[in-house]
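Count residues from 1 along the sequence.
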Amino acid sequence: LKGVRGFRVSSLSTVRPSFSPHYRHIQIPVSQRSSIINRPSLLIRWASNNKSSTTSSFDYTQIKQLVRKAIDLTEQNQESVLSIDKLKIIIADLERESSDPEFWEDSNSERKQYVNAQLSQQTQLLNRIQQWETFKGDCLAALEMAEIDDCSEEEKNMFYEECRQSATALLEDGKRYELERLLSGPYDNQPARVILTAGAGGTESNDWVADLKRMYERYAEKKGFRVTVEDSQPGDQVGFKSVELLVEGTNAYGWLRGEKGAHRLVRLSPFNANNKRQTTFAGVDVSPILQDAVLKDIKIPDSDLEITAMRSGGAGGQNVNKVNSAIRIRHIPTGINIKVTQERSQSLNREIALKRLKGQLLAIANEEKLKSFEAIKGDVVEASWGAQIRNYVLHPYKMVKDQRTNWETTDTNGFLDGNLEDCVGSLLRQRAKDEQEANNSE
């Protein structure tokens with residue numbers, strides 16, 4: 001510990017914090033000294049406590065169970081990944097390839113994109129596994145320290161608290177990784193386009209779309225995603241008739257694809273003069289944003305398309321407001337509508353709309369386990385009675401309930417503030433279970 005600032009070693013078995021006005025020490029058995037030397041951060045926090053600190057009590061049995069549960073899950077997750085040494089070799093090979101000057105030539109764009117993606121992915125995985133090892137070592141060392149005979153009750157509580165924090169962090173990240181492993185779909189790692197549309201309910205439904213927009217923006221923020229509002233159509237009084245969001249981040253589509261469907265809200269309407277309870281709906285459509293290389297070979301018959309040109313409207317200059325530059329494409333077999341207004345050129349908007357339609361059809365075909373998108377029929381989201389995937393009840397009681405998994409919570413404010421993690425996780429586990437059962441039956 002000589003190299004650790006704020007400590008001095010007074011004997012082979014005693015460690016005293018030199019900066020504390022109240023010297024405390026623990027006689028450390030030889031067999032346990034390595035835990036202390038390797039985890040000096042545990043003593044730094046312990047030493048900073050003063051005599052006036054409040055002693056808290058812990059259920060030591062529960063803490064030990066928490067540690068065991070966290071370590072078991074970590075070891076289970078580590079079985080599904082490469083070892084640290086193998087990951088370092090892979091990363092070194094990728095870095096060596098990317099350092100070659102020829103690697104950055106335009107003709108090597110596909111390989112360049114693949115290598116950069118793999119390098120980022122493998123580096124993140126390595127850092128994560130190393131963090132697991134740190135949490136695991138910290139909680140085991142703190143547990144070992146707490147069980148030293150010479151520890152006072154106050155010191156034991158301090159070490160058990162340190163152990164609990166490290167074990168909780170290890171368990172929570174282990175659960176997150178467990179869910180991430182379920183994001184194995186072919187498009188789960190792509191950015192997502194989320195389209196919110198007001199359904200039955202008039203002004204109330206426009207306000208509900210605004211609430212959903214805020215909920216998904218908060219959820220994306222918690223996940224570290226970047227959200228861009230691509231298009232929006234304001235409501236007549238409040239909120240939006242429709243909103244289009246672009247969500248970018250790791251596995252953005254995988255996390256959000258289960259949100260597709262009708263969302264039902266029940267509350268005392270602020271837009272009702274008699275303050276009566278009202279039910280309203282909004283439709284959520286989610287599709288992946290796919291690369292041109294995936295879409296280039298897909299052909300949609302012209303007979304399946306209904307293409308309409310229109311004026312974009314709103315701010316944007318004379319060309320946007322006076323020329324029919326906006327494009328709406330309707331896929332007749334499914335009823336899916338794609339509207340694009342972002343470019344000033346009709347041909348560019350048409351090209352963008354076709355790409356979006358192809359991506360949406362491919363995603364639907366994958367969801368329904370179809371060999372091609374030609375077999376898709378009637379997949380348009382209906383925001384109305386009987387079609388809801390989730391209910392948000394704010395009166396006469398408070399509850400959010402997912403109709404597909406029966407997951408529910410009474411923390412409606414937290415859920416609408418973006419705390420969707422548990423609900424999304426429940427759906428991912430249910431889907432994985434259903435797929436496993438379907439494979440076994442085959």
Report yes if the side chains of [X] and [Y] come closer than 4.5 Å at any heavy-atom pair, otherwise no.
{"X": "L361", "Y": "I336", "value": "yes"}
{"X": "R176", "Y": "E172", "value": "yes"}
{"X": "I195", "Y": "K339", "value": "no"}
{"X": "V229", "Y": "F240", "value": "no"}
{"X": "N391", "Y": "V266", "value": "no"}
{"X": "Q190", "Y": "L290", "value": "yes"}
{"X": "L245", "Y": "T228", "value": "no"}
{"X": "L182", "Y": "R429", "value": "yes"}

Verify side chain to side chain contact (heavy atoms under 4.5 Å, CB included) between R277 and R267, making sure each step is shown before the conclusion. CA-CA 5 Å; R277 187 175 65 182; R267 70 175 180 179; over 6 Å; no
Answer yes or no: is there an ion pair linking [X] with [Y], defined by an N-O contact shorter than 4.0 Å?
{"X": "R111", "Y": "E97", "value": "yes"}
{"X": "E180", "Y": "K175", "value": "no"}
{"X": "D93", "Y": "R96", "value": "yes"}

Can you tell me how far apart [atom1] ([X]) and [atom2] ([Y]) are? Round to the nearest 0.5 Å.
{"X": "E230", "Y": "R356", "atom1": "CD", "atom2": "CZ", "value": "5.5 Å"}
{"X": "D402", "Y": "Q430", "atom1": "CG", "atom2": "CD", "value": "10.0 Å"}
{"X": "L265", "Y": "D207", "atom1": "CG", "atom2": "CG", "value": "8.5 Å"}
{"X": "L427", "Y": "R390", "atom1": "CG", "atom2": "CZ", "value": "8.0 Å"}
{"X": "C139", "Y": "L171", "atom1": "SG", "atom2": "CG", "value": "10.5 Å"}
{"X": "L125", "Y": "L82", "atom1": "CG", "atom2": "CG", "value": "7.5 Å"}

Please step through salt bridge (Lys or Arg N to Asp or Glu O under 4.0 Å) for the pair R164 and E161, ending with a clear verdict. CA-CA 5 Å; R164 186 193 64 77; E161 172 63 15; 2.8 Å; yes
With side chain to side chain contact (heavy atoms under 4.5 Å, CB included) as the criterion, how do Y253 and V247 come out once you've worked through the C-alpha distance, each side chain's angles and the decisive distance to 0.1 Å? CA-CA 8 Å; Y253 175 67; V247 184; over 6 Å; no
Taking atom types as modelled, find out whether [X] and [Y] have a side-chain donor-acceptor pair closer than 3.5 angstrom.
{"X": "Q78", "Y": "E133", "result": "yes"}
{"X": "Q346", "Y": "S325", "result": "no"}
{"X": "N127", "Y": "Q131", "result": "no"}
{"X": "R218", "Y": "Y216", "result": "no"}

Checking salt bridge (Lys or Arg N to Asp or Glu O under 4.0 Å) for the pair R431/E435: CA distance, chi angles, key distance, verdict? CA-CA 6 Å; R431 284 182 168 177; E435 289 178 5; over 6 Å; no
Sub-3.5 Å donor-acceptor pair from the side chain of [X] to the main-chain atoms of [Y], do we have one?
{"X": "T123", "Y": "S120", "answer": "no"}
{"X": "W255", "Y": "E421", "answer": "no"}
{"X": "D285", "Y": "G283", "answer": "no"}
{"X": "S98", "Y": "L94", "answer": "yes"}
{"X": "S205", "Y": "G202", "answer": "yes"}
{"X": "D173", "Y": "A169", "answer": "no"}

Output field: ring centroids W407/F415 closer than 6.0 Å: yes
For residues Y177 and W132, establish whether the separation of their ring centroids is below 6.0 Å. yes
Decide salt bridge (Lys or Arg N to Asp or Glu O under 4.0 Å) for D211 and R214; before the verdict, give the C-alpha distance in whole Å, the side-chain angles of both, and the deciding distance to 0.1 Å. CA-CA 5 Å; D211 289 342; R214 177 182 178 276; over 6 Å; no
Would L196 and W208 count as a side chain to side chain contact (heavy atoms under 4.5 Å, CB included) here? Give the steps. CA-CA 10 Å; L196 312 175; W208 179 219; over 6 Å; no
Run N406 and K401 through side chain to side chain contact (heavy atoms under 4.5 Å, CB included) and show every step you take. CA-CA 6 Å; N406 289 326; K401 183 171 183 178; 3.6 Å; yes
